Structure formats: structure tokens, C-alpha cells
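Just so we're clear, the structure is a prediction, and the values are computed from it rather than from any experiment. A, B, ... follow the sequence lines: proteins, then strands. Residue 1 opens every chain.
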2 protein chains.
Amino acid sequence: MWKTATETDIAEVAAAIGDPSRAKVLRALADGGALPAGALAAEAGVSLSTISGHLARLREAKLLTVEHDGRRRYYRLASTDVARALEELARIARPLPVRSLSDSVRAHALMRARLCYDHLAGQLGVALLAALVDGGVLDGSGGGYRITPAGLGVLGDFGIDAGEFSRRRPAIRYCVDWGEGRHHLAGALGAAVTRRLFELEWLRKGRARRVVHLTDAGRTGLHRTFGVPLDWDA
Amino acid sequence: MWKTATETDIAEVAAAIGDPSRAKVLRALADGGALPAGALAAEAGVSLSTISGHLARLREAKLLTVEHDGRRRYYRLASTDVARALEELARIARPLPVRSLSDSVRAHALMRARLCYDHLAGQLGVALLAALVDGGVLDGSGGGYRITPAGLGVLGDFGIDAGEFSRRRPAIRYCVDWGEGRHHLAGALGAAVTRRLFELEWLRKGRARRVVHLTDAGRTGLHRTFGVPLDWDA
DNA sequence: GGATGACTACGGTGCTCGCCGAAGTGTCCC
DNA sequence: GGGACACTTCGGCGAGCACCGTAGTCATCC
């Protein structure tokens, strides 16, 4: 039932994360995407042989998984838990010096709406979860979230069959977002909603990694479907 | 309003955590207590000079704070955010080999009820928060928790003036506990409740660090006051 | 004021590990 | 099958750092 909660080796994981090159790799994968070794090498600014060693170590620490696809290997975060831990670390880490104007533009965009692993985060993610609860799609009482019977219908109309979720992954999880104590939607439902938002082109990927933009169709669509305020970003 | 969310230096913090000796220090302080350098040296199994260097580094990384008290210096986790990040890392870390029987006894006790920084965690913490929501003390809808008007009264009778909470610390936070997607109560309220539980001797510190035990008085008291089931640990 | 205790600062030693280039392995394309 | 491509493994170099013992700095106690 409960995982056997012996002490765990924090030092090992932390050491695995605690190298500039490896941290860059993890951040590049924080949107839940998969990238081949070459791209990650470029991202981290090191040689292919070096990145290969780093990737082996991250894999050893169970932070990454590999998917073989022909002659290339796509690396991906091992789980949403990893993404969570990374965001939590980012909270307590000191800010990197802002190097350029585009950095601060990107920072602002990330704050508004970004991908955290495979689901929506940032202010938009928070606003969406709040709207789902206010609109009765989710029941937020009881120390967690549950899909209500009414909510099943709303989600079905939106194109999501919540009954189809795999047993392995919790249907609903939440990530703690920037700005004390606000949630955004994660878990299988968070991922499904986000995927559907892209399908409908209510959401579009920004040029910078992890950044997403709400389209005009998305703004009105989210308002009509889930009651997200039109001025959520005011 | 929102913190300026530029990229943060995950690698620096993670590297600070990612050393066996430093990780032991952090784990020893994870219950929110404060310990002098000598005790931490013993805990980590290194010399005083070595621990001094480690403590300086942890302080530099803003993970620890020091309080001077005469000729000794007490070290403490810098914030609840740090405790959170550590628990999150513990989630994804591989379990350390169980070395002895007492280890596994302790692991079991930790799972049942433990301190996470300054508030209650483990199955008991989860059960308490659930009871507070079910009993209407907290309102769990809306993507967070709020104290209800009725709840203010219940808490007052219990000996907690929730109006007195400082503005600096959020009244209510939650930590994600072991076992997918359950919360336990944190924040100023979590700390106040826990403090009061010790005052009333409903809760007693166990022999092992972080472990706490519910007394018989506590079991019935929590049931009558907040509606925690008598068989929460069944 | 001098002795004791708690810690920090310094100097030195050895090991780990991040880095690269070169060579090896597996995959795809022509 | 041969060659290009994507990556991993190997060997070697250099820097960083975890560790200790010793010496220095405060604060307390007598």
C-alpha cells in the first residue's frame, strides 16, 4: 500500500542534479519533451562524449529514461515526480543573473504560462485549476481533487474520456506553482487537458522552450468551456 | 506581486545538498530543530573542522541559518521551502539499504507520524488534514485551503488564535506526503497546531529523530476535537 | 586574568570527476 | 556492402574538494 519508507539517499540524486551541465540538461527536458543526446550536448555547451557520460549518470540515478528510435536515443525525464522535485529546487535556488533582454522577456512569459513536464503551469495553469474547481468539474475538498459526476460530462464534451486513464498514473495531481500555495493541475488529467488544448490550437508553443501562449480562440474557449476569466492575466 | 521568475541556479543548491555528509546534516535538521556544529559533526561522522566547512557552504547556499547563543551556534533549516524541497528529493531518491532492524522500525514509525520541519507529517498528518476539511474547519475548494468562520471558533477552543498569524508566513500550506497525492498540513497553522499538540501532550517526541507518537490522550482528543478517526492508523 | 570549551580558518594530501579527443559500436541510407 | 551518422567507451589530464590536524578567535566560567 504505502511505499516502504526507509531513509532515502538524497545525496545521490542531489549530486546527480548538482552539476551545471546536468542541470541544463534537466531544465531542457523540464517541459516533458524528449531530446536526443546531440541536442542536449548543444544545450549544455559540452562535447558529445561529455554529455554521454552525464546522461549515463542521470539515467543511473533514475532521473532520465531513454527511448531508442533507430540510431538516435531520446532522453526524457523519468517521471513527473522528477519534474516536481526540480521545480521545488528551483524555488529555493538563487536566481541566475539575467544576461539579456530576451532572458527577462522569457522569464515573464514563463511566469504567465509554461509547460511543467507534460502539463500546464504558470499563472494560466493556476487560473485553469481554480476555474475547474469553481465550475464544479473538480471537487477540491478532502485534501485532494476528485472529478465530479458533472465534471465527467464537461470533460467528455471537451474531448477527454477520464474513464480511460491508466491505473498506473494518478488521475489528478497538482504542482505547487510560484507564488505561495497555489496549485496547477497535473497528473493524467492535467496532461490530457494540455494535450487537448494543443490539438484545438487553443495553446501554442512559444519560441523559447517551455513557454506557451494562449491563442485568442483559446481565451474565449477556456472561458466558455470551463469558466476561466477572460482577464486571467490582468 | 509575483517573484521575478528568472531562471534559477538549480545546480548550485543541488550540489550543496549532494554530498553525503551535508545530506546527513540536512536530514538531521529536517524536523525543524536547531543543532550546534558539534552535534552535526557527530551526526555526519566527520571531524569538527570538516563539518565547519560544510556548514559554511550550506549557509552560503541559503539552506541553513545560524543563531548565535553564547559560545555555540545553532544551525537550522533556512525555511520551510527548504524542508519541502528535501522531502521532494527524498521521494525520487533510491532507498538506502536498511542496515538494521532498528532502521526498519524507525522507517515504519516515520511513515506513521513524523515532523517535517515544524509541522506534523506522515499518515497522522494526512489524517488530521483530512479531518479538518471534513469537519469544516478548513475549506479545501478553490485550489488551496482557507480557514472557515466556523473553523476559527474550533481552533480558538483548541487554543490557537489564527488571527494572530504573522503576515510573513502563509497561514496554510501543505506538503505532499508519501503515497501519491495526499496532503498534510503545513504553514503557520500547521506549526501552531503541532506546537499545541505537544503542549497538551497529545503528541510526544519519539526516541529517534523526527519520529513522534500519538498518546492515548491525543488519540481521543483529536477524535473529539477535530473528528480524526480513532482508527486512523488501522 | 587565565583556563576551558565551541567553533572557524589554514595548510596539506589524496581522490573524485568533469572535460576532451580518439577509437569502437550500432543504425540507416545509397 | 560501404559510408555517413548518432552515440558510447576509453585514456589521460587538470581542477575541485572532502578530509584531517593544527592553530587562531570568541565567549564563558572560575
Side-chain angles (χ1 to χ4, degrees), chain A residues 9-29 33-78 93-94 96, chain B residues 9-29 33-78 93-94 96:
Chain A
D9 193 352
I10 304 181
E12 191 198 8
V13 243
I17 302 172
D19 168 84
S21 297
R22 287 195 293 266
K24 279 180 199 153
V25 167
L26 292 170
R27 201 164 28 206
L29 297 173
L35 291 172
L40 293 169
E43 193 80 25
V46 295
S47 78
L48 203 54
S49 63
T50 299
I51 209 67
S52 180
H54 285 310
L55 293 173
R57 175 150 181 196
L58 289 170
R59 221 162 76 79
E60 172 64 19
K62 300 257 195 287
L63 295 174
L64 296 185
T65 57
V66 210
E67 296 153 24
H68 291 250
D69 175 31
R71 62 185 170 190
R72 54 181 70 193
R73 307 189 178 182
Y74 283 93
Y75 287 88
R76 189 189 294 278
L77 291 193
R94 78 176 73 235
L96 283 173
Chain B
D9 194 351
I10 302 181
E12 191 199 8
V13 244
I17 302 172
D19 168 84
S21 298
R22 287 195 293 266
K24 279 180 198 152
V25 167
L26 293 170
R27 201 165 26 206
L29 297 173
L35 291 172
L40 293 169
E43 193 80 25
V46 296
S47 77
L48 202 53
S49 62
T50 299
I51 210 65
S52 180
H54 284 310
L55 293 173
R57 177 150 181 194
L58 289 170
R59 222 162 74 78
E60 172 64 22
K62 301 255 193 290
L63 295 174
L64 296 185
T65 57
V66 209
E67 296 153 25
H68 292 250
D69 175 30
R71 61 186 171 191
R72 54 181 69 192
R73 308 191 177 179
Y74 283 93
Y75 288 88
R76 189 189 292 280
L77 291 193
R94 79 176 71 234
L96 282 174

How is B/Tyr74 classified with respect to the nucleic acid when contacts are heavy atoms under 4.0 Å: base, sugar-phosphate, or nothing?
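Since no nucleic acid heavy atom lies under 4.0 Å of B/Tyr74, the category is nothing.
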Whole angstroms only, please: what is the [atom1]-[atom2] distance between [X] and [N]?
{"X": "A/Arg22", "N": "C/dC17", "atom1": "CZ", "atom2": "C1'", "result": "9 Å"}
{"X": "B/Glu67", "N": "D/dA27", "atom1": "CD", "atom2": "P", "result": "17 Å"}
{"X": "B/Arg71", "N": "C/dT8", "atom1": "CZ", "atom2": "C1'", "result": "16 Å"}
{"X": "B/His54", "N": "D/dC20", "atom1": "NE2", "atom2": "P", "result": "8 Å"}
{"X": "B/Arg72", "N": "C/dA6", "atom1": "CZ", "atom2": "P", "result": "6 Å"}
{"X": "B/Leu35", "N": "C/dC7", "atom1": "CG", "atom2": "P", "result": "11 Å"}
{"X": "B/Arg73", "N": "C/dT8", "atom1": "CZ", "atom2": "P", "result": "5 Å"}
{"X": "B/Glu60", "N": "D/dG16", "atom1": "CD", "atom2": "C1'", "result": "16 Å"}

Ignoring backbone atoms, test whether B/Tyr75 places a side-chain nitrogen or oxygen under 4.0 Å from the OP1 or OP2 oxygen of C/dA6.
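Answer no for this pair, as no side-chain N or O of B/Tyr75 is under 4.0 Å from OP1 or OP2.
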Nearest to the side chain of [X] - [options]?
{"X": "B/Ser21", "options": "D/dT8, C/dC17, D/dC19", "value": "D/dC19"}
{"X": "A/Arg57", "options": "C/dC7, D/dC20, C/dC17", "value": "C/dC17"}
{"X": "B/Ser49", "options": "D/dT8, D/dT22, C/dA6", "value": "D/dT22"}

Closest non-hydrogen atom pair between A/Asp9 and B/Ala93, with its separation:
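Nearest pair, atom of A/Asp9 first, then B/Ala93: O-CB, 3.4 Å.
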Nearest heavy atoms of A/Arg22 and A/Ala16, plus distance in Å:
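In this case the closest contact between A/Arg22 and A/Ala16 is NE-O, 2.6 Å.
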Does the pair B/Val25 and B/His54 meet the rule for a side-chain contact (heavy atoms from CB on, under 4.5 Å), with working shown?
CA-CA 9 Å; B/Val25 167; B/His54 284 310; 5.6 Å; no
Would a 4.5 Å heavy-atom cut-off, applied to side chains only, mark B/Leu64 and B/Leu26 as touching?
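A side-chain contact under 4.5 Å exists here.
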If you take atom types as modelled and just measure distance, does the side chain of A/Thr50 reach the base of C/dG18 with a donor-acceptor pair under 3.5 Å?
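When only heavy-atom distances are counted, A/Thr50 does not reach the base of C/dG18 through any donor-acceptor pair under 3.5 Å.
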I need the A/Glu12 CD to B/Asp19 CG distance, nearest 0.5 Å.
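A/Glu12 CD to B/Asp19 CG: 13.0 Å, rounded to 0.5 Å.
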On DNA chain C, does the nearest nucleotide to B/Ile51 precede the nearest nucleotide to A/Leu48 from the 5' side, or the other way round? Give the residue.
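This one resolves to B/Ile51.
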Between A/Val46 and B/Pro36, which has a closest nucleotide on DNA chain C that is more 5'?
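Mapping each residue to its closest nucleotide by heavy atoms, the 5'-most match is B/Pro36.
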